[in-house]
Structures are given as structure tokens and as C-alpha cells.
Q: 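Got a structure for you, questions after.
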Amino acid sequence: QVQLVESGGGLVQPGGSLRLSCAASGSILRINSMGWYRQAPGKQRELVAAIKLVGTFMSGGNTNYADAVKGRFTIYRDNAKNTMDLQMNSLKAEDTDVYYCNAAIRNLGGEVRDDYWGQGTQVTVSS
């Protein structure tokens with residue numbers, strides 16, 4: 001029902017910036033939340049940032065960030081372009097990873113009813 005395509009990854013020097021973009025199509029009005037995840041080799045896919053579109057399953061505001069990226073990354077929704085963007089500043093070598101866009105359809109209690117993933121985009125932070 002939902003298709004996601006990521007773009008914006010690439011090579012950047014430490015301290016630099018990148019902006020990732022996730023284009024959503026299909027049944028986008030049913031999406032409750034969207035987020036960016038990253039996965040390192042041999043590790044679980046972990047949340048980087050999430051944004052709530054509708055519902056009350058996420059408290060404390062409309063966005064949620066991993067501790068490692070707070071103050072450096074910003075997630076936002078571009079309604080006109082139907083994209084979800086992640087502005088990444090002050091990038092570190094440890095940010096190097098494949099980044100995945102996620103869209104979730106949830107129940108009122110917050111349980112995931114269905115979710116969708118993009119193909120991923122590579123971010124490399126190196127001198």
C-alpha cells in the first residue's frame with residue numbers, strides 16, 4: 001500500500017552535513033508515523049529519528065530522536081512534496097551506515113499494524 005524511496009546519501013567529511021529524503025507514495029493518508037533507521041554490520045536496525053503524523057501513541061511531542069543524534073539531526077515532513085527529510089549536521093565517522101526510511105500504520109494503542117521500508121541509502125563519513 002505504501003512505497004518508499006530514499007535519496008541524498010553520499011560521502012561527506014567529518015563535521016559536514018547531509019540531507020536525506022524519503023519519497024512516499026500509495027496510501028500515504030493511512031501512515032501514522034515515519035522514521036529513519038540505520039543498520040551497522042552485525043547489529044540490529046536501530047531508530048535514528050521518528051515523526052508522528054497522527055495518533056497518540058507517541059508522547060512528548062511529534063518527534064523522537066536517538067540519544068546519539070540529538071542536537072545534530074532534525075526530522076521533518078514536507079507535505080507539498082510528500083517527502084520525509086532528515087537533516088544531518090556535525091556528522092561523525094560513527095554515523096557511517098545504511099539509512100532506511102520507514103512508514104508505519106498503527107493501532108490506537110500504538111501497536112504496529114503494518115510497516116514499510118525503503119531500499120536504503122549509504123551514508124559515509126570519512127576524510
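Because only heavy atoms are used, hydrogens play no part in the values below, and waters and symmetry mates are left out as well, while side chains stay in. All values reported here derive from a predicted model rather than from experimental measurement.
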Q: Are any of the side-chain heavy atoms of Val125 and Lys92 separated by less than 4.5 Å?
A: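 Val125 vs Lys92: side chains apart.
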Q: Restricting to non-hydrogen atoms, name the atom on Cys101 and the atom on Met84 that form the minimum distance, rounded to 0.1 Å.
A: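 That closest heavy-atom pairing would be SG-CE, 3.5 Å.
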Q: Which heavy atom of Ala49 sits nearest to which heavy atom of Leu86, and what is that distance?
A: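 It is CB-CD1, 4.1 Å.
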Q: Taking side chain as C-beta onward, heavy atoms only, is Val123 less than 4.5 Å from Leu20?
A: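 Yes, at least one pair of side-chain atoms sits under 4.5 Å.
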Q: Under a 4.5 Å cut-off applied to non-hydrogen side-chain atoms, are Lys52 and Met34 in contact?
A: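 Answer no - side chains too far apart.
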Q: Within the 4.5 Å heavy-atom criterion, are Asp95 and Arg72 side-chain neighbours or not?
A: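 A side-chain contact exists here, since the closest heavy-atom pair is under 4.5 Å.
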Q: Looking only at heavy atoms, what is the nearest atom pair of Lys81 and Asp78, with distance?
A: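 So the minimum-distance heavy-atom pair works out to N-OD1, 3.2 Å.
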Q: Tyr65 side chain to Gly71 main-chain N or O, any donor-acceptor pair under 3.5 Å?
A: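 No, because the side chain of Tyr65 does not come within donor-acceptor range (under 3.5 Å) of the backbone of Gly71.
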Q: Measuring from atom CD of Gln87 to atom OG of Ser21, what distance do you get when rounded to the nearest 0.5 angstrom?
A: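 Rounded to the nearest 0.5 Å, the CD-OG separation comes out at 11.0 Å.
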Q: Check whether any side-chain heavy atom of Leu47 sits under 4.5 Å from a side-chain heavy atom of Trp36, and report yes or no.
A: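 The answer is no; the side chains never approach within 4.5 Å.
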Q: Under 4.5 Å between any side-chain heavy atoms of Ile31 and Val2, yes or no?
A: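 The answer is yes; the side chains approach within 4.5 Å.
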Q: What are the two closest heavy atoms between Leu4 and Ala24, and how far apart are they?
A: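 That would be CD2-CB, 3.8 Å.
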Q: Quick one, Ile75 with Asp85, criterion side-chain contact (heavy atoms from CB on, under 4.5 Å). Give me CA distance, side-chain angles, the key distance, then yes/no.
A: CA-CA 6 Å; Ile75 187 172; Asp85 295 350; over 6 Å; no
Q: Between Glu6 and Gln122, is a side-chain contact (heavy atoms from CB on, under 4.5 Å) present by the stated rule, with each step listed?
A: CA-CA 10 Å; Glu6 303 101 331; Gln122 177 70 49; over 6 Å; no
Q: May I have the step-by-step check of side-chain contact (heavy atoms from CB on, under 4.5 Å) for Gln1 and Ile105, ending in yes or no?
A: CA-CA 10 Å; Gln1 290 183 320; Ile105 300 174; 4.1 Å; yes
Q: Is the closest side-chain heavy-atom distance between Met88 and Tyr99 below 4.5 Å?
A: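 Yes, close enough: below the 4.5 Å cut-off.
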Q: Give the C-alpha distance, both sets of side-chain angles, the deciding distance and a yes or no for side-chain contact (heavy atoms from CB on, under 4.5 Å) between Ser126 and Gln13.
A: CA-CA 5 Å; Ser126 177; Gln13 296 183 17; over 6 Å; no
Q: Does the side chain of Arg38 come within less than 4.5 Å of Tyr100's, by heavy atoms?
A: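 They are not in side-chain contact.
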Q: Has the side chain of Thr121 got a donor or acceptor atom that lies under 3.5 Å from a matching backbone atom of Gly9?
A: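 Answer holds: yes.
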Q: Any side-chain to backbone donor/acceptor pair from Asn102 onto Tyr116? Under 3.5 Å, distance only.
A: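 Yes, the answer is positive, given that a donor and an acceptor are paired below the 3.5 Å cut-off.
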Q: Are more than 12 heavy atoms from other residues, nucleotides or ligands located less than 6.0 Å from atom CD of Gln44?
A: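 No - once you tally the heavy atoms of other residues, nucleotides and ligands closer than 6.0 Å, there are 12 at most.
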Q: Which value, rounded to the nearest 0.5 Å, describes the distance between Arg77 atom CZ and Thr83 atom OG1?
A: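 Between atom CZ of Arg77 and atom OG1 of Thr83 there are 6.5 Å.
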Q: Distance check, rounded to the nearest 0.5 Å: Asn107 atom CG versus Asn32 atom CG?
A: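 One finds 8.5 Å between CG of Asn107 and CG of Asn32.
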Q: Evaluate Glu111 against Arg106 for salt bridge (charged side-chain N to carboxylate O under 4.0 Å, His left out), listing each step before the verdict.
A: CA-CA 5 Å; Glu111 300 89 356; Arg106 300 174 180 268; over 6 Å; no
